[in-house]
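So the structure is just underneath, and the comments pick up after that.
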Amino acid sequence: MGFNIITSTTTLLFHNQTVQQADIRTPIMYIYAVLFSPVFEELLCRKILLIKINKYFNWWISAFISSGIFSILHLNLSLFTSYLFIGLVWSYYYRKSNYNIFVPILSHFLFNYIMILIQSIKG
């Protein structure tokens, strides 16, 4: 969600570039996407939402709901299913690690880092 706000701002700064080019050339995007986003999103969607929802539903339904919210927060309908899937994976990691939030944070960190690296290589 913060990524989308920064993307919009960057597009205004780089008028003659596409959104993707503007994103990848803005150093704050690296910092936000790789460091802050995984921490914030995992704390919100796994540590807070998943646990609260799990008080009312079984674990898989709770994981599905919190991952759906995770997907919605990314404001990208075309990637909704992809975000939902990766949210379920990180929910599973969270559960299998005995609710150690650092496991999905680290996985999210690595995922974002690899995605930015691929975007950088593609140019």
Side-chain angles (χ1 to χ4, degrees):
M1 104 189 120
F3 187 82
N4 292 320
I5 293 168
I6 294 173
T7 300
S8 300
T9 306
T10 353
T11 305
L12 294 173
L13 296 173
F14 298 97
H15 299 291
N16 60 347
Q17 298 174 349
T18 65
V19 173
Q20 188 177 14
Q21 288 173 326
D23 289 348
I24 210 63
R25 293 186 181 162
T26 307
I28 196 161
M29 292 307 296
Y30 293 110
I31 295 166
Y32 180 80
V34 176
L35 296 177
F36 297 115
S37 176
V39 173
F40 174 75
E41 292 174 359
E42 293 307 316
L43 287 173
L44 176 66
C45 294
R46 253 52 75 194
K47 185 83 174 164
I48 297 171
L49 290 177
L50 179 61
I51 298 304
K52 287 189 185 273
I53 296 168
N54 196 31
K55 292 178 183 177
Y56 304 100
F57 299 100
N58 76 39
W59 191 86
W60 280 107
I61 291 173
S62 302
F64 188 82
I65 293 169
S66 71
S67 297
I69 293 168
F70 173 76
S71 289
I72 291 167
L73 291 176
H74 283 87
L75 304 174
N76 189 336
L77 190 57
S78 66
L79 293 175
F80 180 85
T81 306
S82 300
Y83 285 123
L84 179 68
F85 175 76
I86 198 69
L88 287 169
V89 168
W90 289 327
S91 296
Y92 178 78
Y93 288 173
Y94 184 50
R95 181 178 183 192
K96 283 300 182 179
S97 67
N98 292 319
Y99 301 96
N100 181 347
I101 195 62
F102 294 108
V103 172
I105 287 174
L106 179 60
S107 178
H108 195 153
F109 164 80
L110 291 171
F111 178 82
N112 286 4
Y113 177 74
I114 290 168
M115 290 298 109
I116 286 181
L117 189 62
I118 290 170
Q119 286 179 356
S120 297
I121 292 169
K122 286 169 65 175

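Hydrophobic clustering of Ile, Leu, Val, Met, Phe, Trp and Tyr side chains at less than 4.5 Å, counting indirect connections, keeps M115 apart from F80. No path of Ile, Leu, Val, Met, Phe, Trp and Tyr side chains, each step under 4.5 Å between heavy atoms, connects F40 with I72, placing them in separate hydrophobic clusters. There is a path of hydrophobic side-chain contacts, each under 4.5 Å, that joins Y92 to Y83. Taken together through direct or relayed side-chain contacts under 4.5 Å among Ile, Leu, Val, Met, Phe, Trp and Tyr, L88 and I86 form parts of separate hydrophobic clusters. A single hydrophobic cluster is seen to contain both V89 and Y94, as judged by linkage of ILVMFWY side chains at heavy-atom distances under 4.5 Å, directly or through other members.
Atom NZ of K96 and atom OG of S91 lie 13.5 Å apart (nearest 0.5 Å). Rounding to the nearest 0.5 Å places CD1 of I105 at 15.0 Å from OH of Y93.
No donor-acceptor distance shorter than 3.5 angstrom exists from the side chain of S107 to the backbone of V103, with no hydrogens or angles considered.
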Distance-only donor-acceptor pairs under 3.5 Å for side chains of residues 47-63, two or more places apart:
unit_1: N54; atom_1: OD1; unit_2: W59; atom_2: N; d: 3.4
unit_1: N58; atom_1: OD1; unit_2: W60; atom_2: N; d: 3.0
unit_1: N58; atom_1: OD1; unit_2: I61; atom_2: N; d: 3.0
unit_1: S62; atom_1: OG; unit_2: I53; atom_2: O; d: 3.4
unit_1: S62; atom_1: OG; unit_2: N54; atom_2: N; d: 3.2
unit_1: S62; atom_1: OG; unit_2: F57; atom_2: O; d: 3.4
unit_1: S62; atom_1: OG; unit_2: N58; atom_2: O; d: 2.9

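Ring geometry for W90 versus F111: interplanar angle over 60°, hence perpendicular rather than tilted (30 to 60°).
Taking 4.5 Å as the limit, some side-chain heavy atom of F109 sits within range of a side-chain heavy atom of V34. By the 4.5 Å heavy-atom criterion applied to side chains, Y30 and L35 are not counted as neighbours.
Between P38 and N112 the shortest heavy-atom distance is CG-ND2, 3.8 Å. Closest approach of S66 to C45, counting heavy atoms only: CB-O, 3.4 Å.
Taking the ring axis of F70 as reference, the NZ or CZ atom of R46 stays within 45° of it and closer than 6.0 Å to the ring centre.
Counted within 6.0 Å of CZ on F85, heavy atoms from surrounding residues, nucleotides or ligands total 12 or fewer; the atom is thus considered open. With a 6.0 Å radius and a threshold of 12 heavy atoms from other residues, nucleotides or ligands, Y99 has its OH atom above the threshold.
Between L79 and the choices N76, L77, T81, L75, the side-chain contact (heavy atoms from CB on, under 4.5 Å) rule is met once, by N76.
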